[in-house]
Amino acid sequence: MFKTIRWKMTIIFVALVVAAELLIGIFTIAETINYYHKDFSDTIETVFNFNVKSELQKAANALSMPAPVDNNAILIEEMTQENINKINEIIQNQLGYLAISKYRFYAITDGSGENILYSSNNINTIDMTPVLKSASEGTESLETSFTCSYMDYALPLGTESTVKYIVYINDNEQIQADAVKRTATILLYALLLSAVISFIFGKMLAGSITIPIRNLTVQAKKLADGDMNALEPSSAHDEFGNLTNSLVYLAHTRQESTDRALSEKTKVETILQNMTDGILAFDLNGKLIHFNPEAQRLLARKYLDDLQFDRFFKEINAGITLGDLLYVKHDGSLEREIKLKNQYLRLNFATFSVDNKIGGIIVVIHDVTRQEKLEQARRDFVANVSHELRTPLTTIKSYSETLSDMPDVDREVQIRFLDVIASEADRMARIISDLLTLSELDENQTYYKAPEEINIRKMLENIVERMGMTAKKKNQTLTYNPINETPVISGDRDSLERVIINIISNALKYTGEGGNIEVYSSKVYKDICIKVVDNGIGIPKEKLPHIFDRFYRVDKARSRDTGGTGLGLAIAKQALESGFGGKIKIASEFNKGTEVTITIPVN
């Protein structure tokens, strides 16, 4: 019953009237109480003026009898009756102003306020109120609080150091309470009467508005069901007449709008169904609301109806959430690239609007597998040319310079150096041969190299020996420490050797004069572990996450000085992962050193 607008309007109207009555009642009662409190305060201020207080003080000090040390032990027979009589006489002269009655009395107590020496209503005991306590301490005090059931006033009499007597006046607010009660009773009757009247009037007023609305609602439902003759135009010029004519207009234009919307929907669906790119559309809650067959094919899923935005794109490692698009500022659309099996996809995310508000997210899926393969080929070419050719050239140059600087070296040493130079030259020839072969291969062809047996310990010993000459030029110490025996594995020997040489070369470059570079090898569980540890300049913590990015350099100026291009570690990581299923990890502390760890699973 109370869900209808008519009842709600009636209840609101009644509630407003009742609230107004309550506010008036509360204000009236508050003013009544305030009046009595103010009257009491004004009476005290008028009666106990400066002259009266002076007379009372003279009466209290008429006899120079010292006050006892213990106020609580004062006995009535020790008090001078003449002083009390004089004080009482002065107060008696003010009884007309004080309005002493059975509800308001005055008393004269000793200095402690505990013993009554005289009272207007012949009481024997009196409560120790805060006002009375303050007076016993020598402070005149008046209390008319709303939270108390009485009003009282206390005036201490005596010397500055001793309170001899206290004049105490107390009003139990009974007159005030009676007045408040009568006022509240009158207001209650008025409240009940006004509630009944306002209920009747509110119901009539609400009915005059809601009944026409109810009739229009019934007719509007008929229009919604297709009955175009359910409502006739109105000749009235009020709000209901305007509403009726608007509904008639809506009925006449509804069919036209429906046909036009259906035509547009068919057109859009035809375009989406025949697009070569995949389309996904999500609402603001991340629920899939539309997709085309191409999206289903590219994502290789039989069913898409159960897709949820955040869960799905986390599953395919797209690195995006609904919040990134709806709540984070960005220019235009966001783009992500993912790999699904052997297919590379570029995802473009953008919001679409409905009625000038964000209505959801649309995702366009492009198949960029061909472009990715071409880009990968370009990266591989650059990596091989810029890095893999440099390493043997560096070794040849260093050994050649050593021989030229040592013309009187032993024949045995000369032969060993020349063997290393010849070996590196052969390695360069193999690299160039591989590059020429790759340039001749078609993009659909793959280059295959037969795996070789690799003795990790022997490989590391040879690498450390060859690169030891480079270390000596900077007075560096390069040592190899095998921790335990490592098994022989199979794979691309040159690829693994290039990775290790690259890492040791970086350690030599970025370690200062007299630094130490240590190489370790061990077998841990089912993995071969190779570590290269140096005490060089290290890598700042905030740059470590990007260290394997292609073309990334920690310090571009430093890399130029040492000949770095920012591809070495990226190539090393790719070579380990693709060729050996291995991993590479770097831990570093700026200005303290770097530790590179390579793990290769034993097949």
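- Considering only residues two or more places apart in sequence or on other chains, Arg182 meets the salt bridge (charged side-chain N to carboxylate O under 4.0 Å, His left out) condition with none of them.
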Practice task
Output, in order, the C-alpha distance, side-chain angles, deciding distance and verdict of side chain to side chain donor-acceptor pair (under 3.5 Å) for Thr321 and Asp324.
Solution key: CA-CA 5 Å; Thr321 65; Asp324 296 336; 3.3 Å; yes
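- The shortest side-chain heavy-atom distance between Ser149 and Asn172 does not fall under the 4.5 Å cut-off.
- The backbone N or O of Ala59 sits less than 3.5 Å from a side-chain atom of Asn83, completing a donor-acceptor pair.
- Summarising the local packing, CG of Asp42 is surrounded by more than 12 heavy atoms from other residues, nucleotides or ligands at distances under 6.0 Å.
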Practice task
Evaluate the side chain to side chain contact (heavy atoms under 4.5 Å, CB included) criterion for residues Leu347 and Val364: first the C-alpha distance (whole Å), next the side-chain angles of each, then the deciding distance (0.1 Å), finally the verdict.
Solution key: CA-CA 6 Å; Leu347 310 177; Val364 182; over 6 Å; no
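- Taking CG from Leu117 and CG from Asn115, the interatomic distance works out to 7.0 Å, rounded to the nearest 0.5 Å.
- In plain terms, the two heavy atoms of Ile166 and Gly111 that are nearest each other are CD1-O, 3.6 Å.
- Contact of the Met128 side chain with the Glu114 side chain is registered, since non-hydrogen atoms from C-beta on lie closer than 4.5 Å.
- Around the CD atom of Gln174, the shell of radius 6.0 Å holds more than 12 heavy atoms that belong to other residues, nucleotides or ligands.
- The 12-atom threshold is exceeded at NZ of Lys53, counting heavy atoms of other residues, nucleotides or ligands nearer than 6.0 Å.
- The minimum heavy-atom distance between Ser41 and Thr144, with the atom names listed, is OG-CG2, 3.7 Å.
- Applying the side chain to side chain donor-acceptor pair (under 3.5 Å) rule to Glu595 yields no partners; only residues at least two apart in sequence or on another chain are considered.
- Counting only distance, with no hydrogens or angles, the side chain of Ser588 and the backbone of Gly593 share a donor-acceptor pair below 3.5 Å.
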Handout entry: Check against side chain to side chain contact (heavy atoms under 4.5 Å, CB included), His37 and Met151
Key = CA-CA 8 Å; His37 287 180; Met151 301 178 288; 3.3 Å; yes
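- A donor-acceptor contact shorter than 3.5 Å links the side chain of Asp310 to the backbone of Leu322.
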Show me the donor-acceptor pairs within less than 3.5 Å that the side chains of residues 152-159 make with the rest of the protein, sequence neighbours left out.
unit_1, atom_1, unit_2, atom_2, d
Asp152, OD2, Thr129, OG1, 2.9
Asp152, OD2, Tyr168, OH, 3.0
Tyr153, OH, Glu140, OE2, 2.4
Thr159, OG1, Thr162, N, 3.1
Thr159, OG1, Thr162, O, 3.4

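- Gly113 approaches Ile126 most closely through the heavy-atom pair O-CG2, 3.9 Å.
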Exercise for the section: Starting from the C-alpha separation in whole Å, work towards a yes-or-no answer on salt bridge (charged side-chain N to carboxylate O under 4.0 Å, His left out) for Lys86 and Glu82. Expected result: CA-CA 6 Å; Lys86 286 183 179 182; Glu82 184 179 347; 3.5 Å; yes
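- No donor-acceptor pair under 3.5 Å is formed between the side chain of Ser141 and the backbone N or O of Val131.
- The salt bridge (charged side-chain N to carboxylate O under 4.0 Å, His left out) test applied to Glu589 returns Lys592, not counting sequence neighbours.
- Put simply, the side chain of Leu326 reaches to within 4.5 Å of the side chain of Leu284, judged on heavy atoms.
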Exercise for the section: Go through the steps to decide whether Leu299 and Leu345 satisfy the test side chain to side chain contact (heavy atoms under 4.5 Å, CB included), and finish with yes or no. Expected result: CA-CA 9 Å; Leu299 295 174; Leu345 302 177; 4.3 Å; yes
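- Summarising the geometry, atom CG belonging to Leu334 is positioned 9.5 Å from atom CG belonging to Asn348; distances are rounded to the nearest 0.5 Å.
- Counting only heavy atoms from C-beta outward, the side chains of Ile547 and Lys543 never approach each other to under 4.5 Å.
- A distance-only check finds a donor-acceptor pair linking the side chain of Asn93 to the backbone of Glu89 [under 3.5 Å].
- Between Ile279 and Ile362, some side-chain heavy-atom pair lies under the 4.5 Å cut-off.
- Considering all non-hydrogen atoms of both residues, Leu187 and Thr28 come closest at CD1-CB, 4.4 Å.
- Between the CD1 atom in Ile320 and the CZ atom in Phe312 there is a gap of 12.5 Å [rounded to 0.5 Å].
- Interatomic distance, Glu542 CD to Phe590 CZ, rounded to the nearest 0.5 Å: 8.5 Å.
- Enclosure of atom CZ in Phe352 by more than 12 non-hydrogen atoms of other residues, nucleotides or ligands within 6.0 angstrom is indicated.
- Listed by first then second residue, pairs satisfying salt bridge (charged side-chain N to carboxylate O under 4.0 Å, His left out) with a partner in residues 130-139 number zero, not counting sequence neighbours.
- Leu98 and Val47 make their closest contact through CD2-CG2, 3.8 Å (heavy atoms, listed as atom of the first residue, atom of the second, distance).
- Residue pairs meeting the side-chain hydrogen bond (donor to acceptor under 3.5 Å, both in side chains) criterion with at least one partner in residues 94-108, sequence neighbours excluded, are Asn88-Tyr106, Gln92-Tyr106, Arg104-Asp171.
- Atom CD of Glu335 is separated from atom CD of Glu337 by 6.0 Å, given to the nearest 0.5 angstrom.
- Residue Phe282 is tested with Leu325, Val363, Ile289 for a side chain to side chain contact (heavy atoms under 4.5 Å, CB included); the sole match is Val363.
- Contact of the Asn516 side chain with the Asp534 side chain is not registered, since no non-hydrogen atoms from C-beta on lie closer than 4.5 Å.
- The minimum heavy-atom distance between Ser119 and Ile123, with the atom names listed, is OG-N, 2.9 Å.
- Note: Phe309 and Phe313 meet the aromatic proximity criterion, with ring centroids under 6.0 Å apart.
- Here the side chain of Glu315 pairs no donor or acceptor atom with the backbone of Asn317 at under 3.5 angstrom.
- Two residues are said to be in side-chain contact when any heavy atoms from C-beta on lie closer than 4.5 Å; Arg336 and Phe349 meet this criterion.
- Put simply, the side chain of Gln308 does not reach to within 4.5 Å of the side chain of Lys287, judged on heavy atoms.
- With values rounded to the nearest 0.5 angstrom, Leu192 atom CG is found 11.0 Å from Ile197 atom CD1.
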Exercise for the section: Verify side chain to side chain contact (heavy atoms under 4.5 Å, CB included) between Ile586 and Leu544, making sure each step is shown before the conclusion. Expected result: CA-CA 8 Å; Ile586 295 182; Leu544 278 175; 4.1 Å; yes
